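Small disclaimer: the values here were computed from a predicted structure and weren't measured. Scope of the values below: all heavy atoms of this structure, side chains included, with no hydrogens, waters or symmetry mates. Just so we're on the same page: letters track the sequence lines, and every chain starts at 1.
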Amino acid sequence: MSTELELERPAQPPSFQGISTGRKAKNLAATVMVSLCFVVAVIPLVWVLWTVASRGMESLLRADWWSHSLSGVRANEDLGGAYHAIYGTIAQGLVTAVIAVPIGILVGIYLVEYGAGTRFARVTTFTVDILTGVPSIVAALFVYSVWISIFGFSRSAFANCLALLLLMIPMVVRSTEEMLRVVPNELREASYALGIPKWKTIVKVVIPTALSGIVTGVMLGVARIMGETAPALILMAYSARINMDIFEGSMANLPLLMVKEFTNPEAAGFNRTWGAALTLILIIMLFNLAATLVSRLSAVKTK
Amino acid sequence: MFRGLALGSGGFVVALIAAIGIFLLLQALPSLQANQVSFLTSGEWTTGDPNDMRFGILYLLWVTVATAAFALVLAMPVALGIALFLTQYAPRALARVFAYIIDLLAAVPSIIFGLWGLQVLGPALVPTAEWLNTNLGWFPLFSDGNVSIRGGGTIFTAGIVLAVMILPIITAITREIFERTPKDQIEGALALGATRWEVIRTTVLPFGRAGYVSGSMLGLGRALGETVALYLILSGASGRAPELSLFDGDATIASKIANDAAEFNNEISAGAYIAAGLVLFVLTFVVNALARWITTSRTGK
């Protein structure tokens, strides 16, 4: 009887075994840890945003905030606004973008359309990488040593723009490069087949195809440099009055206003600092949102 | 002509990076010659009088490297976890939203992190810092530093804020690499009956290791050069030599330069800060070049 049972048993163990408890536990532990990591990152984000929103709201709700400067307002008065700084932030961001965008796009075009695979293109890519990593304070010192020490210009908002330029160019190059690589080769070949010269192909076919992606990159770049403070500390002098001329005189921007006001021990100083912080975040979010919209509305045509 | 223009712009960028090094060196040299103490081995910093310049990078370098390293130690495991979460665990539909949330961290300007670190996080961390100091004070990193722990302006606070700031950078690069793990490897592992964690350990991690390390190096580069957040958080000159503890304060190279920017009234004094900036430039250059080298040598295989 017993020998018969022995023979009936399958020669092999079942193909699928249950997962051992140890492996299950390890898997569960990993899942929990990894999810926790995400939560850990979200906590400071929410905390920062909440702090800025709750502390800055009071200033933003005053109508003066958007239409007046701090000119003639005493340190303890909850009057005036950040108009001068908002203007400064946007003006400096735009001036920087106007200079950085053509240079950045041209470098991107060189890397993808002309230089691909050459030694010099590799050197350029490497330098763009290094330029991406240059700390803003080093860029500011460079502009200081050339523009102010050697050329003898005085501190101005434009000097700040020059430093921001160094930070923005690599961002524009990166996004241009990335977008141009996505443009299908068939488009270029079709254009060449019609006898169109290379430069015209790039200007009329390649760039328009990649444009939305490039615009997105530019917007994100502008949003990024508008929050830069270090160059402004070295290259600009703060002014509480409205100054429309970026080449002459002192001027404000939002980060500089925050640096000036956080040492102000009055309640008004607290309100101004966090008000400026909230305004800055709102402007940056606006640019980010615009960037997302542009890329959503006109995604790169790959077909 | 258009080709020339494009080539010229490429040349401009290359020239730019060389110019940064050269001009910083040119401006720093006269001050370095006027320096009465050794620039690399001294910690003194008195640059007010052009005829009696005494400045050395040592203390600043310690605070810079310690803050960045501490931030990196905190950020690396968390960034790895987030990258795994976003690529392997989060449901496809939600992964994009989650990734966007992490990217939002990168959009917050550093001055706002600095202000938050100074006024909100710093005070909140004081009890933890004091507990570490009293109970684990025998460990050199948690011993008394050269500034008051109660003030919050220590490497400890600064490193935590920096860690939050470099998280999105490390995560973004690591995530990109993890997403490119070959599908057949993952499926192969699954077919052999591996659990999700085993799939990650045997395919995703080995594949993405180089990218993770290079992303971390980029984060380190960013941490070394971060200025304004540390300028706000670190409490100013204590005048005492650092004790090589996490509760040291004073300033990093970058925050020192930002702090004293108003003193740039004569070339010799400014040159001292430019010399410090040059050290920072070289430091970040090496770190970034290393990061790039890791990526290219890996893809070269």
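- The heavy-atom pair separating G277(B) from L141(A) by the smallest distance is CA-CD1, 3.6 Å.
- Interface remark: L166(A) contributes side-chain atoms only to the contact with chain B (heavy atom separation under 4.5 Å).
- L45(A) touches chain B through backbone and side chain together, each having a heavy atom under 4.5 Å away.
- Relative ring orientation between F85(B) and F38(A) is described as parallel, the plane-to-plane angle staying below 30° on a 0-90° scale split at 30° and 60°.
- For a residue to count as touching a neighbouring chain, one of its non-hydrogen atoms must lie under 4.5 Å from one of that chain's; by this rule V48(A) touches chain B with backbone and side chain alike.
- Without hydrogens or angle criteria, N27(A) side chain to W197(B) main chain gives a donor-acceptor distance under 3.5 Å.
- Neither the backbone nor the side chain of E226(B) comes within contact range of chain A; no heavy atoms are under 4.5 Å apart.
- Taking each heavy atom of V34(A) and G81(B) in turn, the nearest pair found is CG1-O, 3.3 Å.
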Under the side chain to side chain contact (heavy atoms under 4.5 Å, CB included) rule, what do L7(B) and Y114(A) come out as? Steps first, then yes or no, please.
CA-CA 8 Å; L7(B) 186 68; Y114(A) 289 106; over 6 Å; no

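- Atom CD1 of I137(A) is separated from atom OH of Y273(B) by 11.5 Å, given to the nearest 0.5 angstrom.
- Residues S149(A) and E267(B) approach most closely at OG-OE2, 3.4 Å, considering heavy atoms.
- Contact annotation: the side chain of Y231(B) approaches that of V259(A) to within less than 4.5 Å [non-hydrogen atoms, C-beta and beyond].
- Both the backbone and the side chain of V78(B) come within less than 4.5 Å of a heavy atom in chain A.
- Proximity to chain B (any heavy atom under 4.5 Å) is shown, for S35(A), by both the backbone and the side chain.
- Heavy atoms closer than 4.5 Å to chain B are found in both the backbone and the side chain of T31(A).
- No part of V173(A) comes within reach of chain B, as not one of its non-hydrogen atoms sits under 4.5 angstrom from that chain.
- Among residues two or more places apart in sequence or in another chain, the side-chain contact (heavy atoms from CB on, under 4.5 Å) test is passed with P77(B) by none.
- Each of I274(B), L25(B), I20(B) was checked for a side chain to side chain contact (heavy atoms under 4.5 Å, CB included) with S145(A), and the lone residue meeting it is I274(B).
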Please evaluate residues F12(B) and V107(A) with respect to the criterion side chain to side chain contact (heavy atoms under 4.5 Å, CB included), reporting the C-alpha separation (whole Å), side-chain torsions for both, the decisive distance (0.1 Å), and the verdict.
CA-CA 9 Å; F12(B) 172 73; V107(A) 176; over 6 Å; no

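- Around the NZ atom of K260(A), the shell of radius 6.0 Å holds no more than 12 heavy atoms that belong to other residues, nucleotides or ligands.
- Neither the backbone nor the side chain of L28(A) comes within less than 4.5 Å of any heavy atom of chain B.
- Only the side chain of R222(B) comes within contact range of chain A, with heavy atoms under 4.5 Å apart.
- Residues F23(B) and I150(A) meet the side-chain proximity criterion, which asks for heavy atoms closer than 4.5 Å.
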Take I112(B) and T51(A) through the test side chain to side chain contact (heavy atoms under 4.5 Å, CB included) and record every step on the way to the result.
CA-CA 10 Å; I112(B) 291 178; T51(A) 310; over 6 Å; no

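- When side chains are defined from C-beta on, V138(A) counts as touching L24(B), because their heavy atoms get closer than 4.5 Å.
- You'll find the side chain of L104(B) reaches within 4.5 Å of the side chain of M285(A), heavy atoms only.
- Heavy atoms closer than 4.5 Å to chain A are found in the side chain of A124(B), but not in its backbone.
- Contacts with chain B were tallied for F287(A), W199(A), F126(A); F126(A) has the most, counting heavy-atom pairs under 4.5 Å.
- Closest of all the heavy-atom pairs between A258(B) and L233(A) is CB-CD1, 3.7 Å.
- For chain B, no part of M226(A) is nearby; none of its heavy atoms comes within less than 4.5 Å.
- Residue T195(B) touches chain A through both its backbone and its side chain, counting heavy-atom pairs closer than 4.5 Å.
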Hey, mind stepping through V13(B) and L131(A) against side chain to side chain contact (heavy atoms under 4.5 Å, CB included) and telling me if it holds?
CA-CA 8 Å; V13(B) 172; L131(A) 205 56; 4.1 Å; yes

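- For a residue to count as touching a neighbouring chain, one of its non-hydrogen atoms must lie under 4.5 Å from one of that chain's; by this rule F98(B) touches chain A with backbone and side chain alike.
- In this structure, the portions of V14(B) lying under 4.5 Å from any heavy atom of chain A include both its backbone and its side chain.
- Each of V146(A), I234(A), L106(A) has some count of heavy-atom pairs under 4.5 Å with chain B, and the biggest count is that of L106(A).
- Proximity to chain B (any heavy atom under 4.5 Å) is restricted, for F120(A), to the side chain, taken from C-beta onward.
- When the candidates A289(B), A79(B), G21(B), G271(B) are compared by the number of heavy-atom contacts under 4.5 Å with chain A, A289(B) comes out ahead.
- Nearest heavy-atom pair, I281(A) versus P109(B), reported as atom, atom and distance to 0.1 Å: CG1-CD, 4.4 Å.
- In this structure, Y144(A) contributes its side chain and A270(B) its backbone to no donor-acceptor pair below 3.5 Å.
- A heavy-atom distance below 4.5 Å is found between the side chains of V134(A) and I17(B).
- I169(A) touches chain B through its side chain: at least one heavy atom from C-beta onward sits under 4.5 Å away, while N, CA, C and O do not.
- The shortest side-chain heavy-atom distance between R55(A) and V120(B) falls under the 4.5 Å cut-off.
- Neither the backbone nor the side chain of L224(B) has a heavy atom closer than 4.5 Å to any heavy atom of chain A.
- Interface remark: V39(A) contributes no atoms to any contact with chain B (heavy atom separation under 4.5 Å).
- Within the 4.5 angstrom heavy-atom criterion, atoms from both the backbone and the side chain of A277(A) approach chain B.
- Across all their heavy atoms, Y89(B) and A30(A) have their closest contact at OH-CB, 3.9 Å.
- Interface residue L280(A): only side-chain heavy atoms are found under 4.5 Å from chain B.
- Evaluation of the ring pair (Phe, Tyr, Trp, His ring centres under 6.0 Å) rule for W47(A) yields W116(B) as partners, not counting sequence neighbours.
- The residue among A29(A), C37(A), P231(A), G227(A) with the most heavy atom pairs within less than 4.5 Å of chain B is C37(A).
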